[in-house]
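Reckoned from all heavy atoms, side chains included, excluding hydrogens, waters and symmetry mates. Keep in mind that what you see is a predicted model, and the values were worked out from it rather than measured.
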Amino acid sequence: MEAQHYRRNAHAHLGNTIIGDSRVIPVVSGRLSLGTWQRILFIEMDGPRERTVNLLYVGE
């Protein structure tokens, strides 16, 4: 990528480095196993633009 891209989007690249781009969330009895105050958020740091969210469910 060109240097100008990184200068314009540095905040998005740094945010992705800190937060990451994927998570593994356990599913117990068909429900997400989240703590009392945990939620799933989609944060757009380089938008607005159209995105695709991929979910992969791996069973026993």
*Asks:* Identify, with sequence neighbours excluded, every residue that meets side-chain contact (heavy atoms from CB on, under 4.5 Å) alongside Val24.
*Replies:* none
*Asks:* Could you name each residue pair satisfying salt bridge (charged side-chain N to carboxylate O under 4.0 Å, His left out) that touches residues 30-40, not counting sequence neighbours?
*Replies:* none
*Asks:* Linking directly or through intermediates, with side-chain heavy atoms under 4.5 Å: list the remaining ILVMFWY members grouped with Leu32, chain and number order.
*Replies:* Ile25, Val27, Leu34, Ile40, Tyr57
*Asks:* Could you pull out all residues at least two apart from Ser33 that satisfy side-chain contact (heavy atoms from CB on, under 4.5 Å)?
*Replies:* Pro26, Val28
*Asks:* In the hydrophobic clustering that connects Ile, Leu, Val, Met, Phe, Trp and Tyr at side-chain heavy-atom distances below 4.5 Å, which members other than Phe42 occupy its cluster, ordered by chain and number?
*Replies:* Val53, Leu55
*Asks:* Mind checking side-chain hydrogen bond (donor to acceptor under 3.5 Å, both in side chains) for Glu44 and listing every partner two or more places apart, or none if nothing turns up?
*Replies:* Arg51
